[in-house]
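Below: one structure, written as structure tokens.
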Amino acid sequence: MADTRREIERKYESKDSGLPDLTGVPGVAAVVDKGVAHLDATYYDTADQRLAAASVTLRRRTGGSDAGWHLKLPVAPGVRDEVHAPLSDRPPRRLVRLVRSRTRGAALEPVARLVTDREVHDLVDDRGGVLAEVAVDAVCAERLGEPGVGHPAQWSEIEVEAADGADPGLLDAIDKRMRKAGVRPSRSSSKLAHALARTAPGKPRETRRRPPVAPAPVTAGDHVLAYARAQRDALVALDPQVRLGLPDSVHRMRVATRRLRGALRSYRAVLDRAVTDPVGGELKWLGAELGVGRDQEVIGERLSLALDDVPRRLIAGPVRTRLRTWSHARGGGSRRRLVAVLDGGRYLALLAALDDLLAEPPTRPRGRTGKPAKVMGKAVRKDFGRMARLIERALALPPGPDRDLALHEARKEAKRTRYSAEAATPPLGDAAAALVRSAKALQNLLGDHQDSVMTREALREVARQAHAAGESGFTYGVLYGREERRAAEIEAALPTLWRATRGGP
């Protein structure tokens, strides 16, 4: 088994004087000495240090209060998700799977050993509650894996980690006190990064100062590839979050997949579609797999919230239990299925194909030599025109299934227009940014409409099940009527929003 916690901390370069006096920091009543712990940690990575390159660390540590395996995944500067597992001789399988999008099956081997003598101090409030833990670490590091290569290193540092539920401003107040005492933030993101830098083999050679080289012009291809690279990076970073079941991670990974696929489709004048279309097809497959269970989750949440607004006198029968049973039956096993997809060869092959595409981009002549604003503006206007035709067509239809389907198609095109405009924002500036906002507003409105359509279909199914069990269908009719009204309100609001948007980019 493994457990996860969020770690919020700051690191500092320790001075000879040690830890500054932190009493008097707002909220801190006392600094409690908790003694010295001896920690012995071996860090694992691939031979080419793929985890370290992504600021991910995997270690086996003995000593202290949390001996075991620790996997640290970056979330934001100073914020990491830490996954623990019990001690074992080799990296636990679950932790290995969490970094699979980084390692791609490459072996994990010891790369560094860090031995630390840690002076532990608790910062407590006037009731004795722990606000933060402060550690003064004396570290000795050696590089592993290559006999005779590199050299050992020693240094001291200070770590300040906020306790769960602590005031978010506490670390800022401590930082202010640290800086006032002359203690500066660490230049390394982690002990491992510091160790690898300090124990690197050889010494940097002195080089002559060379005259600055003018940067190459930024092309349309550069802009598209930068956008694509950001989405690829998001996919890889979200992989472990999806495996851990963290909130909203599946949705965010699905959005990154759509953004990437949309960019490859929209900018076929920039990148050769003979290369990008097969990759786009695999992205479509991955997006569909990420959607399994996600739509069910959205409907379930929508129905639960809708039922909360229904007066008790209008609830006839075990409606909430029926909805919960239906939702569980439809969504059960979706996460296990998704993790199996992420463990599969097809997914790893897609990541490898994305790496190859970005390493050797199939840039077409216009992507290399055309003016970025002209090339990308044309692609955005093409997407906008397609979206406009679909919206106009939907508005011309009478309310009913045909209009529902047309509005759903318009919603998908609004997404594509938004994503192509996002990629084009650097060269197009405010015009593209304004289109991103407008397309997002249309996407959200049409998404709410599609959710209403799907929710009504779900209510019909649940009502049939309730009727077969001899239960009243009255409340499902109430919920259905409310969804119909919501859809009608959206359809009435759409023309006004569309008039404000159709001027185009």
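Formation of a donor-acceptor pair under 3.5 Å by the Asp45 side chain with backbone atoms of Ala52 is found in this model. Under the 3.5 Å distance criterion, the side-chain polar atoms of Ser14 are left unmatched by any main-chain donor or acceptor of Ser156. Under the 3.5 Å distance criterion, the side-chain polar atoms of Arg100 are matched with a main-chain donor or acceptor of Asp343. The main-chain N or O of Arg90 is found under 3.5 Å from a side-chain atom of Ser88 such that the two form a donor-acceptor pair. Looking only at distances, a side-chain donor or acceptor of Thr425 sits under 3.5 Å from a matching main-chain atom of Ala421. With hydrogens and angles ignored, the 3.5 Å screen pairs no side-chain donor or acceptor of Arg179 with any backbone N or O of Arg184. With hydrogens and angles ignored, the 3.5 Å screen pairs no side-chain donor or acceptor of Arg268 with any backbone N or O of Arg273. Under the 3.5 Å distance criterion, the side-chain polar atoms of Ser249 are matched with a main-chain donor or acceptor of Leu246.
With no hydrogens or angles considered, a side-chain donor-acceptor pair links Glu422 and Tyr227 at under 3.5 Å. Between the side chains of Gln443 and Arg411, no donor-acceptor pair of N or O atoms lies under 3.5 Å. Judged purely by distance below 3.5 Å, without hydrogens or angles, the side chains of Asp40 and Thr62 never pair a donor atom with an acceptor atom. At a cut-off of 3.5 Å, with distance as the only test, a side-chain donor of Arg252 or Gln241 sits close to an acceptor on the other residue. Looking only at atom types and distance, the side chain of Thr4 has no donor-acceptor partner in the side chain of Asp81 under 3.5 Å away. Side-chain atoms of Asp383 and Tyr419 form no donor-acceptor pair, as typed in the model, at a separation below 3.5 Å.
The pair Lys176-Asp172 does not meet the salt-bridge criterion, since no charged nitrogen lies less than 4.0 angstrom from a carboxylate oxygen. Ion pair Asp233/Arg229 not flagged as a salt bridge, since none of the NZ, NE, NH1 or NH2 atoms sits closer than 4.0 Å to an Asp/Glu carboxylate oxygen. Of the charged side-chain nitrogens involved, none lies within less than 4.0 Å of a carboxylate oxygen, so that Asp277 and Lys284 do not count as a salt-bridged pair. Checked for salt-bridge contact, Arg368 and Asp222 miss the test: no charged N lies under 4.0 Å from a carboxylate O.
Between Gly367 and Val270, the shortest heavy-atom distance links the atoms CA-CG1, 3.9 Å. Closest approach of Met454 and Asp295 over heavy atoms only: CE-CB, 3.5 Å. Of all the heavy atoms in Asp451 and Thr455, the pair that sits closest is O-OG1, 2.6 Å. Residues Ala414 and Ala439 approach most closely at O-CB, 3.7 Å, considering heavy atoms. Listed here is the closest heavy atom pair of Leu260 and Arg232: CD2-N, 4.3 Å. Between Leu446 and Ala410, the closest heavy-atom pair is CD1-C, 4.0 Å.
A distance of 11.0 Å separates CG of Leu354 from CD of Gln231, quoted to the nearest 0.5 Å. For the atom pair CD1 (Ile299) and OG (Ser452), the distance works out to 10.5 Å, reported to the nearest 0.5 Å. To the nearest 0.5 Å, atom CD of residue Glu82 and atom OG1 of residue Thr57 are 8.0 Å apart.
Relative to the ring axis of Trp69, Arg59 does not place its NZ or CZ within 45° and under 6.0 Å from the centre.
Ring orientation note: the planes of Trp155 and His194 are close to parallel, at an angle under 30° on the 30°/60° scale.
Pairs of residues two or more places apart, or lying in two chains, that qualify as side-chain hydrogen bond (donor to acceptor under 3.5 Å, both in side chains) and include a residue from residues 158-170 are Arg5-Glu161, Lys11-Glu159, Arg118-Glu159, Glu159-Lys191.
Looking at Gln450 and Val453, their side chains come closer than 4.5 Å, going by heavy atoms from C-beta outward.
A 6.0 Å sphere centred on CG of Asp48 holds more than 12 heavy atoms belonging to other residues, nucleotides or ligands.
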